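Here is the structure we will look at.
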There are 2 protein chains.
Amino acid sequence: MVSIKQAAMKVLTKNTDYAIRALLALASKTGSYVSAKSIATEHDIPYQFLRRLLQEMIRHNLIVSKEGVQGGFMMQKDPDEITVTELIEIFQGKVQVSECMFRKQICGNRARCVLRHEIMRIEQVVQSEFEKVTIGKLLRDLEAANPVKLSSTPITHN
Amino acid sequence: MVSIKQAAMKVLTKNTDYAIRALLALASKTGSYVSAKSIATEHDIPYQFLRRLLQEMIRHNLIVSKEGVQGGFMMQKDPDEITVTELIEIFQGKVQVSECMFRKQICGNRARCVLRHEIMRIEQVVQSEFEKVTIGKLLRDLEAANPVKLSSTPITHN
DNA sequence: TATAACTGATACTATATTGGTATCAATTAA
DNA sequence: TTAATTGATACCAATATAGTATCAGTTATA
Ligand code: FES
Ligand code: FES
């Protein structure tokens, strides 16, 4: 009896995961430029991987950069306006529960298709749940939980 | 400017998608055995792929089978008791928004970690939304929308 | 004004997951 | 006896995710 699936289905990929962490790092130091290198080492994100993510976030006007010595990245968009939904869309594409499932045979009329409605309803729910979570909120929550200092003693878990 | 991601993030994979369709096919013919072949052709699912899915669903006691001529598969579990959540778990693994993100540095105390709470809350929401959708419900909806006959004229869309 | 610390751009590789095929043995109705 | 079926399982292909490498351009500052 060999089962088909065992691992867990990931909703957030590393892209999004790392991007959130990087944004939290930047949001906790608004006004000054933070280098990719320091973010990478402090938050344990592969350097070159992170660079790509940062560039992508520049393109989406979430952050800005300054080249050269003492350069780095800085928050641009209000952290309270950056939702996880937005990040998912940037790094994983639009949330879509399924392509039009049940095409052809089963579903006679796309416009009236109940399945489609059901699916779109869920897409909406998922999306709006992630929309409630902003970088700003996460940061405040983090600071409340870890009042002393962000990134204190490294603790290994998970 | 080469973007990182363009396609959409799929919440349901083909596994789950096909499994749902197959179950709908079986649920609409309770009491009689339906062959994998006929499901495959009628619903446009790759035959061998479908066979694996059906076997997996047997292992999970959703359906039963009969070997030999005139054999096939038949609904076992009450369609109203089969949720999409269950199918996702079988074919895609437990819904998990992210592994423990923000490990080490950022998050000092796993038990108190707010991010973790936020994430688990969303996991719950996603899961419970999919729990509301059962095979039974989908079937009734389908029949209501397509009163005459399941799988009538093939219509190409999507 | 040379240099080292930076980002911009982009190509590349490795690994994992998803999607799909193929094969052969066992069962059973006709 | 045979053809239609499932059981079991190995295999392959395509795609997506994760991570690395390279080189050119910018800039503070020694
Ligand atoms: S599934 Fe395609 S429209 Fe209903
Ligand atoms: S992220 Fe690991 S516990 Fe907070």
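To find a chain, count down the sequence lines: A is the first, B the second, and so on, and within it residues start at 1. Excluded from the calculations below are hydrogen atoms, water molecules and symmetry mates; all remaining heavy atoms, backbone and side chain alike, are included. All values derive from a computational prediction rather than experimental measurement.
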Leu50(A) CG to dG8(C) P, straight-line distance once rounded to whole Å:
12 Å
Going by the rule side chain to side chain contact (heavy atoms under 4.5 Å, CB included), which residues pair with Lys29(B) if we only count those two or more places apart in sequence or in a different chain?
Ser32(B), Val34(B), Glu42(B)
Minimum heavy-atom distance between Gln76(A) and Asn61(A), given as atom pair plus value
CG-O, 3.4 Å
In whole angstrom, give the distance that lies between atom CD of Gln48(A) and atom P of dC6(C).
14 Å
Mind checking whether Ile58(A) and Ile45(A) sit in one hydrophobic cluster, side chains of I, L, V, M, F, W, Y counted as touching below 4.5 Å?
yes
Does the gap between the ring centers of Tyr18(A) and Phe49(A) come in under 6.0 Å?
yes
With rounding to the nearest 0.5 Å, note down the distance linking CG in Leu50(A) to CE in Met57(A).
7.0 Å
Of Asp17(B), Leu53(B), Thr16(B), the one forming a side-chain contact (heavy atoms from CB on, under 4.5 Å) with Leu87(B) is Thr16(B)
Hey, does the side chain of Tyr18(A) come within less than 4.0 Å of dG19(D)'s phosphate (OP1/OP2), counting only N and O?
yes
note: Ile45(A), atom CD1; dT17(D), atom P; distance rounded to Å ~ 18 Å
Spacing between Gln92(B) atom CD and dA16(D) atom P, to the nearest angstrom:
15 Å
Rounded to whole angstrom units, what separation is found between the CZ atom of Phe49(B) and the C1' atom of dA13(D)?
13 Å
Given atom CG of Leu53(A) and atom P of dA9(C), what is their separation to the nearest angstrom?
15 Å
Pairs: protein N or O with nucleotides 25-27 of chain D N or O, under 3.5 Å:
residue, atom, partner, partner atom, Å
dT26(D), O4', Glu67(A), OE1, 3.3
dT26(D), O2, Gly68(A), N, 3.4
dT27(D), O2, Val69(A), N, 3.4

Closest-nucleotide 5' rank along DNA chain D - winner of Lys37(B) and Gln70(A):
Lys37(B)
Between dG8(C) atom C1' and Ile58(A) atom CD1, what is the distance in whole Å?
8 Å
Please determine whether a side-chain nitrogen or oxygen atom of Thr13(A) lies at a distance below 4.0 Å from atom OP1 or OP2 of dA18(D).
yes
Ser35(A) side chain, from C-beta outward: closest of dA9(C), dT7(C), dG20(C)
dT7(C)
Nearest-angstrom distance from the residue atom OH of Tyr33(A) to P of dC6(C):
14 Å
Would you indicate, yes or no, if dC6(C) has its OP1 or OP2 atom less than 4.0 angstrom from a side-chain nitrogen or oxygen of Ser65(A)?
no
Closest-nucleotide ordering on DNA chain D, the 5'-leading residue of Arg51(A) and Phe73(B):
Phe73(B)
Show your reasoning for whether salt bridge (Lys or Arg N to Asp or Glu O under 4.0 Å) applies to Arg140(A) and Glu143(A).
CA-CA 5 Å; Arg140(A) 284 188 296 278; Glu143(A) 282 167 348; over 6 Å; no
